[in-house]
Amino acid sequence: MSIDLTSMIYTAEQVRVGEQEAAVACDVSMAQLMQRAAQACLGAIQAQQPVPASLLIVCGPGNNGGDGWVLARLAQHAGYKVQVAATAPRSNLAVLAAQAWRDQGGLVLELESLSAGHFQGVDVVVDAMFGNGLSRDLTAPFIDVVELINRHEDDCWILSIDVPTGLDSDTGVAKPTAVQANCTVTMIALKVGLVTGEAVDYCGDIVLADLGISRAFFRTPPTLRVIQRNLVSEHLQRRRNSSHKGNYGHVLIVGGGAGMSGAALLAGRAALRCGAGKVSIACHRDSQLAIATAQPELMVHAVADDLTALLDVATTVVIGPGLGQTAWARTLVEQVAKWQGPVVWDADALNSLAVAPFSKPTESDWLFTPHPGEAARLLGCTTQDVAANRFQALTQICQNFQAYTLLKGAGTLVKSPHQNDAWVCRRGSPALAVGGSGDVLSGVIGALLAQKIPLEQVLAIAAWLHAVAGENAAQRGERGTLPSDLMAELRALVNPHQLLATGA
Ligand SMILES: NC(=O)C1=CN([C@@H]2O[C@H](COP(=O)(O)OP(=O)(O)OC[C@H]3O[C@@H](n4cnc5c(N)ncnc54)[C@H](OP(=O)(O)O)[C@@H]3O)[C@@H](O)[C@H]2O)[C@@H](O)CC1
Ligand SMILES: Nc1ncnc2c1ncn2[C@@H]1O[C@H](COP(=O)(O)OP(=O)(O)O)[C@@H](O)[C@H]1O
Ligand SMILES: [K+]
């Protein structure tokens with residue numbers, strides 16, 4: 001069976017340990033790996049800029065710099081004009097590679113002396129300062145060089161070797177800034193820090209160079225798996241011709257407090273468009289008319305304080321969209337917390353749990369969909385703490401609340417409380433950065449749960465559908481895309497067997 005290498009994501013430590021074991025298993029030396037790494041970078045440059053382009057290669061002290069030194073030699077042999085700016089090499093391999101460059105007559109500019117003038121006529125800048133060995137925040141001169149490189153992003157094509165310098169390869173956080181690459185050629189495996197959080201602003205196109213040791217390396221189980229289209233199509237089979245609405249569940253959406261009817265409406269619409277058999281809304285009396293008028297297929301109930309009758313007929317509950325934090329909201333949260341069945345907790349329902357948690361009934365399955373702010377409240381930390389290590393925050397919420405958890409934002413992360421596997425969604429668009437997008441997502445999850453998509457997969461599938469719907473809606477203009485625009489896209493995406501033009 002062939003492995004899709006780009007679907008498995010590892011921590012820096014896993015790569016460090018795994019690459020050494022894999023190299024031994026494949027009888028390849030570290031020096032050979034470095035040679036192959038440089039060769040892979042040369043390939044990426046050749047695909048972008050043919051000879052005789054001009055290259056500026058900026059090398060740091062470790063093996064990332066070593067890759068840069070080897071590349072300098074290979075690129076010059078290939079006919080490129082090469083300048084190297086470097087700090088003194090410290091790792092053994094980098095020392096040897098630097099010497100080989102000098103032996104070939106290559107000149108070297110001190111990193112500290114690098115200035116805007118050196119970028120004149122340069123077509124390609126290669127960032128070989130730090131890779132997965134970045135151990136602390138950047139300081140001078142590296143931070144100045146990163147800023148200098150970024151100032152030339154319009155006139156040069158920027159390639160980062162392994163990881164954009166400054167980006168933490170585990171967390172995707174810039175420390176405190178990072179190279180904004182057009183392309184990152186990453187070695188052996190994709191790293192967590194390349195696919196979540198801020199990383200999407202720095203890496204550009206990511207090219208994976210497996211350096212010929214993948215067959216041994218990929219025995220290591222990954223930290224994250226990339227959510228892929230086939231997971232979605234596997235679980236969204238054609239409907240039986242004889243089926244009826246009773247086969248597709250009954251979603252109850254609890255939300256729509258006074259003045260917040262829109263959020264519940266969006267969640268309800270998304271649940272309908274994703275195939276729920278029936279969708280009811282339990283909302284504040286002030287919101288009832290607006291929701292019922294906007295979408296006749298929704299059954300809209302004004303609830304003063306008692307959800308019993310609605311909970312009795314629901315197969316899935318989504319609580320949170322437009323719920324607010326009033327005493328009314330808290331009464332509803334208390335009742336849903338005792339309900340036995342699958343519950344999606346979103347928005348203010350999560351905030352309510354953060355303030356006063358309930359223990360989950362054993363018969364219930366809870367699914368949490370926090371954005372980083374809500375995640376911080378659940379964990380009693382700051383949003384910055386969550387951003388500093390999204391994967392850790394995800395894992396902690398999962399453990400603390402025994403909830404299937406989806407941490408929102410670019411590179412959405414998903415984890416089950418029962419399995420070690422976690423997922424990352426590499427699809428999506430900043431078009432989704434608008435109020436109401438999250439409400440749509442909670443409706444999608446509710447609909448999928450109602451249709452009996454397994455708990456272990458449901459958040460991953462919903463994240464992918466929502467992200468790709470966002471991408472597709474953004475085709476008509478990223479800025480100004482509305483959550484309402486996702487509905488038609490979702491409808492097409494949840495019918496993969498119909499071969500509609502979904503653009504996915
Ligand atoms: N191993 C292999 O098989 C292969 C590895 N490959 C390549 O090697 C790269 C990993 O190499 P690496 O481990 O040497 O790490 P790297 O990123 O060069 O940096 C470490 C150096 O930087 C220093 N340093 C760190 N942070 C700093 C800071 N903020 N400011 C200043 N200094 C700082 C740190 O010093 P220290 O923390 O020890 O004081 C150390 O000297 C990997 O990304 C890939 O490109 C490929 O060739 C394929 C085969
Ligand atoms: N830049 C982005 N890239 C990918 N997805 C995004 C981006 N910005 C927002 N999203 C997605 O949009 C949704 C926003 O949800 P949320 O913050 O809860 O918004 P709201 O509460 O206003 O509905 C999440 O699913 C999030 O992952
Ligand atoms: K780098």
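Both counts, for ligands and for their atoms, begin at 1 and track the order of listing. Positions are given from 1 along the sequence.
When only non-hydrogen protein atoms are considered, atom 17 (O) of ligand 2 lies nearest to His371 CD2, 3.5 Å. Protein heavy atom closest to atom 25 (O) of ligand 2, with residue, atom name and distance, is His466 CE1, 3.3 Å. The protein heavy-atom contact nearest to atom 18 (O) of ligand 1 is Asn64 N, 2.9 Å. In terms of protein heavy-atom proximity, atom 2 (C) of ligand 2 is nearest to Ser429 O, 3.6 Å. Protein heavy atom in closest approach to atom 1 (N) of ligand 2: Pro430 CA, 3.5 Å. The protein heavy atom nearest to atom 30 (N) of ligand 1 is Phe130 CZ, 3.8 Å. Regarding atom 13 (C) of ligand 2, its nearest protein heavy-atom neighbour is Ser437 CB, 3.6 Å. At the shortest separation from atom 18 (O) of ligand 2 among protein heavy atoms lies Lys408 NZ, 2.7 Å.
By the 4.0 Å heavy-atom criterion, Thr139 is excluded from the residues contacting ligand 1. At least one heavy atom of Leu211 sits closer than 4.0 Å to an atom of ligand 1. By the 4.0 Å heavy-atom criterion, Ala347 is excluded from the residues contacting ligand 2. Close to ligand 1: Pro61, with a non-hydrogen atom less than 4.0 angstrom away.
Side chains of Arg73 and Gln104: no donor on one and acceptor on the other come within 3.5 Å. A donor-acceptor contact closer than 3.5 angstrom is absent between the side chains of Thr171 and Asn389.
Nearest-residue assignment for atom 13 (O) of ligand 1 (options Ala140, Ala37, Ala40, Gly133; heavy-atom criterion): Gly133. Remark: among candidates Asp346, Leu432, Asp348, the nearest residue to atom 11 (C) of ligand 2 is Leu432, based on non-hydrogen atoms. Among Gly131, Cys59, Gly62, the residue whose heavy atom lies closest to atom 17 (O) of ligand 1 is Gly131. When Ile143, Asp162, Thr87, Asp67 are checked for heavy-atom proximity to atom 47 (O) of ligand 1, Asp67 turns out nearest.
Residue Ala128 does not count as close to the K ion (ligand 3), with no N, O or S atom under 3.4 Å. Taking 3.4 Å as the criterion, Phe130 counts as a coordinating residue of the K ion (ligand 3), since one of its N, O or S atoms falls below it. At least one N, O or S atom of Ile161 sits under 3.4 Å from the K ion (ligand 3). Not one N, O or S atom of Ser160 sits under 3.4 Å from the K ion (ligand 3). Among the atoms of Asp127, an N, O or S atom falls under 3.4 Å from the K ion (ligand 3).
When Asp162, Thr223, Thr184 are each tested for a side chain to side chain donor-acceptor pair (under 3.5 Å) with Lys191, only one passes: Asp162.
Residue contact check: Met30 has heavy atoms under 4.0 Å from atoms 1 (N), 2 (C), 3 (O) of ligand 1. For ligand 2, the atoms sitting less than 4.0 Å from at least one non-hydrogen atom of Asp439 are 23 (O), numbered in the order shown with element in parentheses.
At a 3.5 angstrom cut-off on N or O pairs, Arg427 does not count as close to ligand 2. For the pair Gly428 and ligand 2, the shortest N or O to N or O distance does not fall below 3.5 Å. Between Gly409 and ligand 2, at least one pair of N/O atoms sits closer than 3.5 Å. Where the criterion is an N or O separation shorter than 3.5 Å, residue side chain and backbone included, Thr412 meets it with respect to ligand 2.
Distance remark: protein heavy atom present below 4.0 angstrom from atom 10 (C) of ligand 1. When distances from atom 8 (N) of ligand 2 to the protein are checked, a heavy atom turns up under 4.0 Å.
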